[in-house]
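Count residues from 1 along the sequence.
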Amino acid sequence: PFGLIIIDECHHSSSAMYRKILDYFRNLNPQLKVVGITATPNRADGAALGMIYQDNSYQISIGEMINQGWLVPIRQEYAVCSDLNFDGIASRKNDYGESDFKQSDLSEVLEEEAVEHQMALIMLDRCGDRKTIVFCASVKQAHDLAAIVNRYLTERGRTETAAAIDGTTEKEKRRELIKEFSHGKIQFLTNVAVLSEGFDAPSCRCIVMARPTKSLGLYIQMLGRGL
């Protein structure tokens, strides 16, 4: 009968799975305390965190944390891919009940060869020599983009490389790639929903949003890897 449960990434805790766990331990100890911590306390599906928590003990914004020196300042740059068009992409509910772009439609658009080459050239020109995490919409896009960037890096006589990580990447291989990224051997690390929530790479200097999203929580999680 635990007296205290601490939940990290607690924006997930209003889901049925989390509530089942908390109900189990609350039955063992009616005096159970629950503390939730998260960088993204918002759920677009409308599931209120108030079902779990009664009080907001502490809150601080990204802007305040930048001003206080806890996070680095954000310098945002927009880039235009002339061959990229999102007009025909439908919306659907994601795994958390949020409205977001339909995955299959989004992947089809972003996997077009001309679009991938434009993105790769923009990344090389804008990112310079900075270590960069790239967020993609599909496994194919992540691996294609890494391969195309490598081709351009070689043509420019540069020794840094690009590599892709996805959910099927073996743990040992993933660990090796992240280590090489941290040490500067890999400059561009492309990924699909692997390096967003909870991943920490202090040496990262640049984030590339190579995918659109309507989810504020997902966007902040991706952005946070560079802060």
Is there a donor in the side chain of [X] and an acceptor in the side chain of [Y], or the other way round, less than 3.5 Å apart?
X      : Y      : value
Arg158 : Gln187 : yes
Ser61  : Glu64  : yes
Asp166 : His143 : yes

**Asked** Apart from Tyr78 itself, which Ile, Leu, Val, Met, Phe, Trp or Tyr residues share its cluster (side-chain heavy atoms under 4.5 Å, direct or through members)?
**Response**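 Grouped by the 4.5 Å side-chain rule, Tyr78 forms a cluster of one, so the answer is none.
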Does this structure show an ion pair linking [X] with [Y], if we count only N-O contacts that are shorter than 4.0 Å?
X      : Y      : value
Lys140 : Asp144 : yes
Lys33  : Asp55  : no
Lys179 : Glu176 : no

Quick one: does any side-chain atom of [X] pair with a main-chain N or O of [Y] as donor and acceptor, under 3.5 Å?
X      : Y      : answer
Glu160 : Leu153 : no
Ser107 : Ser104 : no
Ser215 : Thr213 : no
Gln141 : Ala210 : yes
Glu111 : Val139 : no

Taking side chain as C-beta onward, heavy atoms only, is [X] less than 4.5 Å from [Y]?
X      : Y      : value
Thr154 : Arg151 : no
Leu124 : Val149 : yes
Val208 : Met119 : no
Leu218 : Phe135 : no

**Message:** Determine whether Thr161 and Glu180 satisfy the following criterion, side chain to side chain contact (heavy atoms under 4.5 Å, CB included), listing intermediate values before the conclusion.
**Reply:** CA-CA 10 Å; Thr161 59; Glu180 290 182 351; 5.7 Å; no
**Asked** Which pairs pass ring pair (Phe, Tyr, Trp, His ring centres under 6.0 Å) with one or both residues in residues 180-227, sequence neighbours excluded?
**Response**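 Pairs touching residues 180-227 that pass the test: none.
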Look at the side-chain heavy atoms of Ile, Leu, Val, Met, Phe, Trp and Tyr, link any pair under 4.5 Å apart, and say whether [X] and [Y] land in one connected group.
X      : Y      : answer
Ile178 : Met222 : yes
Leu84  : Val134 : yes
Ile207 : Met65  : yes
Ile7   : Phe2   : yes
Ile6   : Met17  : no

As an exercise, state the distance from [atom1] of [X] to [atom2] of [Y], rounded to the nearest 0.5 Å.
X      : Y      : atom1 : atom2 : answer
Leu223 : Arg225 : CG    : CZ    : 9.0 Å
Ile60  : Ile66  : CD1   : CD1   : 10.5 Å
Asp105 : Leu110 : CG    : CG    : 11.0 Å
Thr38  : Gln59  : OG1   : CD    : 11.0 Å
Ile165 : Cys136 : CD1   : SG    : 11.5 Å
Cys127 : Ile133 : SG    : CD1   : 11.5 Å

**Request:** Walk me through it: do Ile52 and Val34 pass the test side chain to side chain contact (heavy atoms under 4.5 Å, CB included)?
**Result:** CA-CA 8 Å; Ile52 310 296; Val34 180; 4.2 Å; yes
**Message:** Ring-plane angle category for His12 and Tyr18, please: parallel below 30°, perpendicular beyond 60°, tilted otherwise.
**Reply:**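 Correct class here is parallel.
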More than 12 heavy atoms from other groups under 6.0 Å of [atom1] on [X]:
X      : atom1 : answer
Glu108 : CD    : no
Glu170 : CD    : no
Glu77  : CD    : yes
Arg205 : CZ    : no

For a quick test of reading the model, state the closest non-hydrogen atom pair linking [X] to [Y] and the distance between them.
X      : Y      : result
Leu177 : Ala163 : CD2-CB, 3.9 Å
Ala79  : Ile122 : CB-CG2, 3.5 Å
Leu195 : Asn191 : N-OD1, 3.0 Å
Lys214 : Asp100 : N-OD1, 2.9 Å
Ser13  : Leu49  : OG-CD2, 4.3 Å
Thr190 : Ala146 : OG1-CB, 3.9 Å

**Request:** Could you go through the side chain to side chain contact (heavy atoms under 4.5 Å, CB included) check for Leu106 and Phe86 one step at a time?
**Result:** CA-CA 8 Å; Leu106 183 61; Phe86 297 129; 4.1 Å; yes
**Item:** Test side chain to side chain contact (heavy atoms under 4.5 Å, CB included) applied to Ile5 and Asn29, Val35, Leu32, the passing residue
**Value:**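 Only match with Ile5 under side chain to side chain contact (heavy atoms under 4.5 Å, CB included): Leu32.
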**Request:** Starting from the C-alpha separation in whole Å, work towards a yes-or-no answer on side chain to side chain contact (heavy atoms under 4.5 Å, CB included) for Cys10 and Ile37.
**Result:** CA-CA 6 Å; Cys10 72; Ile37 303 167; 5.5 Å; no
